[in-house]
Number of protein chains: 2
Amino acid sequence: MTRKALPQPERDEIRVESVLQALGEPVRLQIIRALADAPEGIACGEIELPVTASTRAHHLRILREAGVLSTHTEGTRRISTLRREDLETLYPGLLTGILTAPR
Amino acid sequence: MTRKALPQPERDEIRVESVLQALGEPVRLQIIRALADAPEGIACGEIELPVTASTRAHHLRILREAGVLSTHTEGTRRISTLRREDLETLYPGLLTGILTAPR
DNA sequence: ATCGTACTACGAAGATCATCGAACTTCGAT
DNA sequence: ATCGAAGTTCGATGATCTTCGTAGTACGAT
């Protein structure tokens with residue numbers, strides 16, 4: 001089984017604007033919440049979303065390129081995880097603030 | 001001198017999506033940072049921004065309607081303040097996370 | 001080698017958004 | 001009562017974004 005990480009920004013390349021813009025979209029926020037409940041990561045397809053597969057891929061790419069999540073391949077599947085540590089270092093409290101919000 | 005508050009959402013009407021969407025725009029983020037440095041509030045016109053007055057008004061409206069800031073009139077001027085307490089209660093850490101970010 | 005699965009890339013369509021100028025309102029000062 | 005300053009609203013324009021279907025890639029299993 002092959003294992004490869006997808007390109008993503010280094011910690012010091014992450015910009016607040018991009019992160020906030022990435023998080024400020026309902027579908028993407030849903031993805032983040034799903035990821036927060038699964039520290040070991042989730043395959044994209046396993047997240048229940050009201051959009052097609054291609055739209056889902058689009059959102060995951062935006063989140064990854066913003067530096068919010070990390071993705072690596074495992075066979076044909078792509079496992080995503082929240083970049084908790086990086087985000088907590090850059091913007092302490094931001095993630096918790098969002099996740100503790102009333103849904 | 002007349003003093004009147006402009007309409008804004010109650011604390012329990014504030015939605016995370018709207019807040020994040022409001023914050024995820026460079027000009028608006030700039031406004032937030034200016035407001036964070038002025039606890040007593042700022043008049044819109046005093047904030048240095050790379051946009052015209054009407055665009056500025058547009059952004060301030062979005063921030064107010066999202067529940068991020070409060071605005072009241074003071075004569076012909078409009079003073080805005082961050083809704084720190086409400087935001088901290090709803091999303092503890094979010095604001096600090098954003099404000100401590102490297103610019 | 002072929003097939004199915006998981007996912008991505010591309011191009012198009014429609015929606016939403018930022019931006020502006022012009023016209024208008026409101027208030028304080030002359 | 002008139003003027004100027006501060007700020008808003010409106011309508012238009014161009015940019016950006018979400019969404020989708022289709023076509024394609026990569027991989028594991030048969």
Side-chain angles (χ1 to χ4, degrees), chain A residues 1-8 15-32 34-35 38 40-66 68-81, chain B residues 1-8 15-32 34-35 38 40-66 68-81:
Chain A
M1 172 136 72
T2 52
R3 231 173 168 280
K4 199 176 70 179
L6 272 71
Q8 63 180 35
R15 295 170 310 144
V16 215
E17 290 89 350
S18 309
V19 172
L20 290 171
Q21 203 172 327
L23 297 173
E25 208 278 341
V27 176
R28 292 197 285 262
L29 202 50
Q30 218 172 318
I31 295 176
I32 295 307
L35 253 64
E40 73 290 348
I42 310 186
C44 316
E46 287 165 11
I47 308 173
E48 269 189 60
L49 294 174
V51 291
T52 64
S54 60
T55 303
R56 176 190 312 250
H58 166 71
H59 286 307
L60 283 164
R61 173 204 267 266
I62 287 187
L63 287 167
R64 177 168 51 83
E65 290 180 347
V68 178
L69 54 81
S70 229
T71 305
H72 68 265
T73 62
E74 267 182 27
T76 65
R77 305 170 67 207
R78 301 215 164 174
I79 311 293
S80 297
T81 50
Chain B
M1 169 138 72
T2 51
R3 232 176 167 278
K4 199 175 71 178
L6 272 72
Q8 65 180 34
R15 293 170 311 143
V16 215
E17 289 89 350
S18 309
V19 172
L20 290 171
Q21 202 171 325
L23 297 174
E25 207 278 339
V27 176
R28 293 198 285 261
L29 203 50
Q30 218 172 317
I31 296 177
I32 295 306
L35 256 64
E40 72 290 349
I42 311 187
C44 318
E46 288 164 11
I47 308 173
E48 269 189 61
L49 292 175
V51 292
T52 64
S54 60
T55 304
R56 177 189 311 252
H58 165 70
H59 285 308
L60 283 164
R61 174 202 267 267
I62 287 188
L63 287 167
R64 178 169 50 82
E65 290 181 346
V68 179
L69 54 82
S70 230
T71 304
H72 69 264
T73 64
E74 264 181 31
T76 65
R77 305 171 66 209
R78 301 212 163 175
I79 310 292
S80 296
T81 50

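Just so it is clear, the structure is predicted and the values come from calculations on it, not from any experiment. Any value given below was found using the heavy atoms of this structure, including those in side chains, with hydrogens, waters and symmetry copies removed. Labels below follow one simple rule: chain letters A, B, ... track the order of the sequence lines, proteins then strands, and each chain is numbered from 1.
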- How far does the helix from C:dA1-D:dT30 to C:dT30-D:dA1 bend, going by the axes of its first and last five pairs, to the nearest 10°? 20°
- Message: Base, sugar-phosphate or nothing for B:I62? Non-hydrogen atoms, less than 4.0 Å.
- Response: sugar-phosphate
- Classify the nucleic acid contact of A:L6 as base, sugar-phosphate or nothing, counting any heavy atom under 4.0 Å across all strands shown. nothing
Nearest whole angstrom, please: distance from the [atom2] of [N] to the [atom1] of [X].
| X | N | atom1 | atom2 | value |
| --- | --- | --- | --- | --- |
| B:L69 | D:dG7 | CG | P | 14 Å |
| A:R3 | D:dG28 | CZ | C1' | 17 Å |
| A:I31 | D:dT18 | CD1 | C1' | 13 Å |
| B:H72 | D:dA6 | NE2 | P | 16 Å |
| B:R78 | D:dT9 | CZ | P | 7 Å |
| B:I42 | D:dA6 | CD1 | P | 16 Å |
| A:K4 | D:dT25 | NZ | P | 14 Å |
| B:H59 | C:dA18 | NE2 | C1' | 6 Å |

Within the pair [X] and [N], is there a side-chain N or O less than 4.0 Å away from OP1 or OP2?
| X | N | answer |
| --- | --- | --- |
| B:R77 | D:dA5 | no |
| B:R61 | D:dT8 | no |
| B:Q21 | C:dT16 | no |
| B:T52 | C:dC20 | yes |
| A:T55 | D:dC20 | yes |
| A:H58 | C:dC7 | no |

- Query: For A:V19 and A:A66, which heavy atoms make the closest approach, and how far apart are they?
  - Reply: CG2-O, 3.7 Å
- Message: Suppose we screen for salt bridge (charged side-chain N to carboxylate O under 4.0 Å, His left out). Which residues come up paired with B:E65, at least two apart in sequence or across chains?
- Response: B:R61
- Message: Go nucleotide by nucleotide along DNA chain D from the 5' end; which of B:I79 and A:P50 gets its closest nucleotide reached first?
- Response: B:I79
How many angstroms lie between atom [atom1] of [X] and atom [atom2] of [Y], to the nearest 0.5 angstrom?
| X | Y | atom1 | atom2 | result |
| --- | --- | --- | --- | --- |
| A:T71 | A:R64 | OG1 | CZ | 5.5 Å |
| A:E17 | B:L23 | CD | CG | 11.0 Å |
| A:I42 | A:R77 | CD1 | CZ | 10.5 Å |

- Message: If you only use heavy atoms from C-beta on, which nucleotide in C:dC27, C:dC7, D:dT19 is closest to the side chain of B:T76?
- Response: C:dC27
Can you confirm whether [X] sits close enough to [Y] that some side-chain heavy atom of one is under 4.5 Å from a side-chain heavy atom of the other?
| X | Y | answer |
| --- | --- | --- |
| B:L35 | B:L69 | yes |
| B:R78 | B:L6 | yes |
| B:I32 | B:R28 | no |

- Message: I'd like to know if A:S54 reaches the base of D:dG21 with its side chain such that a donor and an acceptor end up less than 3.5 angstrom apart.
- Response: yes
- 5'-most contact on DNA chain C (nearest-nucleotide basis), B:R28 vs A:E46, goes to A:E46
